[in-house]
Chemist: 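Sharing a structure, written as structure tokens. Questions coming.
From a predicted model like this one, the values you see are computed outputs, not experimental measurements.
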Amino acid sequence: MLRGGGDLATGVAWRLTRAGWPVVVLELPEPLTIRRTVALSSAVTDGEVSVQGMMGVLVRTATEAVTVAGRGDVAVLVAPTLAGLGPLRADVVVDARLAKRNIDTAIGDAGVVIGLGPGFTAGADCHAVVETMRGHRLGRVIWSGSAEPDTGTPAELGGRSADRVLRAPASGEVVWHAAIGDRVTGGQTLAEVGGAAVSAPFDGVLRGAISSGATVPEGLKIGDVDPRGDPAACWEISDKSLAVGGGVLEAVLARRAGRA
């Protein structure tokens, strides 16, 4: 069971389903995912989503989730908490919400409880933590202690860091004038939020964009531009997501084998 269905969680789901595990994703009723083309959370708004052949299907009940996951697809259920899930009895719970803090995950939630990134302490509120910060330790499993603290600065991608992130210049409704996968040029108007323009910071590809029509507060991340300029990458699970997914799979198997 994955709490959160963003792009990082989707890399985890990919690794787990490829290894034969049935997976259920719990999501919010209005996901704020940016990389929607590679996120299982898109099933909440679209009914279903296919990510590199892995199908995510929106379900309405826990019983339906069991059926869908059992046939090999990923069940996506709107459920902000673990309460009231009826027949859903997860062997593994992964908190993939990336809130940079532990909202409500407890080590007793399942036989294996894993937290992604900062905010969790292995041995206290979960069995293992998987490092999410790009660099030498990305994807490593931590059995005691915590991941690297949040720096507040996006990792470098193609020589760009904080400037590749698009943020709402004002509060209001998001209206896009470009789509994920579009090539864009520096200064081009990509969107409007509450009537204020959002421009491309440099030449590249619009890699992520929050759903058009979403109402957001000023300063919220609403998109990102990839300076590497490869539109095909917008439909591929990232290297980071796969590395984190590999760490989760390792933690699950190690725990079940009694090696941790």
Side-chain angles (χ1 to χ4, degrees), residues 1-33 35-99 102-117 119-120 125-130 132 141 237 241-242 244-256:
M1 183 180 293
L2 304 183
R3 304 190 70 184
D7 60 303
L8 215 61
T10 300
V12 175
W14 171 263
R15 293 294 198 199
L16 292 173
T17 55
R18 293 288 288 177
W21 285 80
V23 173
V24 175
V25 167
L26 306 183
E27 252 298 347
L28 296 173
E30 296 181 3
L32 296 176
T33 305
R35 293 205 64 207
R36 292 180 292 111
T37 51
V38 288
L40 290 163
S41 61
S42 293
V44 174
T45 52
D46 299 343
E48 62 180 33
V49 60
S50 178
V51 182
Q52 292 185 212
M54 176 178 63
M55 184 65 68
V57 180
L58 179 65
V59 297
R60 305 296 178 183
T61 67
T63 300
E64 189 181 355
V66 172
T67 300
V68 169
R71 76 185 186 209
D73 292 330
V74 177
V76 181
L77 176 67
V78 174
T81 72
L82 296 179
L85 294 181
L88 278 181
R89 296 290 183 269
D91 298 305
V92 178
V93 169
V94 181
D95 192 328
R97 293 175 288 182
L98 303 179
N102 184 359
I103 300 172
D104 57 4
T105 290
I107 199 168
D109 287 339
V112 184
V113 179
I114 301 168
L116 302 189
F120 304 98
D125 47 22
C126 59
H127 296 103
V129 176
V130 177
T132 58
V141 181
I237 300 171
S241 298
L242 290 176
V244 172
V248 170
L249 181 58
E250 175 192 334
V252 170
L253 296 178
R255 177 79 180 172
R256 288 176 64 86

Chemist: Quick check for you: to the nearest 0.5 Å, what is the distance between Ile114 atom CD1 and Asp109 atom CG?
Modeler: 12.5 Å
Chemist: Working to the nearest 0.5 angstrom, can you tell me the gap between Asp125 CG and Asp95 CG?
Modeler: 9.0 Å
Chemist: At what distance, to the nearest 0.5 angstrom, does NE2 of His127 lie from CD1 of Ile107?
Modeler: 4.0 Å
Chemist: Please walk me through it: do Leu16 and Leu249 pass side-chain contact (heavy atoms from CB on, under 4.5 Å)?
Modeler: CA-CA 6 Å; Leu16 292 173; Leu249 181 58; 4.0 Å; yes
Chemist: Please name the pair of heavy atoms, one in Val141 and one in Ala251, separated by the smallest distance, quoted to 0.1 Å.
Modeler: CG1-CB, 3.9 Å
Chemist: List, one per line, each side-chain donor-acceptor pair under 3.5 Å for residues 1-9, sequence neighbours excluded.
Modeler:
unit_1 : atom_1 : unit_2 : atom_2 : d
Arg3   : NH1    : Asp104 : OD1    : 2.8
Arg3   : NH2    : Pro80  : O      : 3.1
Arg3   : NH2    : Asp104 : OD1    : 3.4
Arg3   : NH2    : Asp104 : OD2    : 3.4

Chemist: Hey, can you pull the donor-acceptor pairs under 3.5 Å for the side chains in residues 53-68, sequence neighbours left out?
Modeler:
unit_1 : atom_1 : unit_2 : atom_2 : d
Thr61  : OG1    : Glu64  : N      : 3.1
Glu64  : OE1    : Arg60  : N      : 3.1
Thr67  : OG1    : Thr63  : O      : 3.3

Chemist: In this structure, are over 12 heavy atoms from other groups packed under 6.0 Å from Arg18 atom CZ?
Modeler: no
Chemist: Does any non-hydrogen side-chain atom of Ile237 lie less than 4.5 Å from one of Gln52?
Modeler: yes
Chemist: Just how far is it from atom OG1 of Thr10 to atom CG of Leu242, taken to the nearest 0.5 Å?
Modeler: 10.5 Å
Chemist: How close do Thr33 and Arg36 get, heavy atom to heavy atom, and via which atoms?
Modeler: O-CG, 3.4 Å
Chemist: With a 4.5 Å limit on heavy-atom distance, are the side chains of Arg97 and Thr105 in contact?
Modeler: yes
Chemist: Side chains of Val51 and Trp14: does their closest heavy-atom pair fall under 4.5 Å?
Modeler: no
Chemist: What is the minimum heavy-atom distance between Gly115 and Phe120, and which atoms define it?
Modeler: CA-CD1, 3.7 Å
Chemist: Heavy atoms only: give me the nearest Val44-Pro29 pair and the separation to one decimal.
Modeler: CG1-O, 3.6 Å
Chemist: Walk me through whether Val248 and Leu116 qualify under side-chain contact (heavy atoms from CB on, under 4.5 Å).
Modeler: CA-CA 9 Å; Val248 170; Leu116 302 189; 3.7 Å; yes
Chemist: With Leu26, which of Thr81, Val93, Leu85 fulfils side-chain contact (heavy atoms from CB on, under 4.5 Å)?
Modeler: Leu85
Chemist: Kindly compute the distance separating OG (Ser41) from CZ (Arg35), expressed to the nearest 0.5 Å.
Modeler: 11.5 Å
Chemist: Any side-chain heavy-atom pair from Val76 and Val49 closer than 4.5 angstrom?
Modeler: no
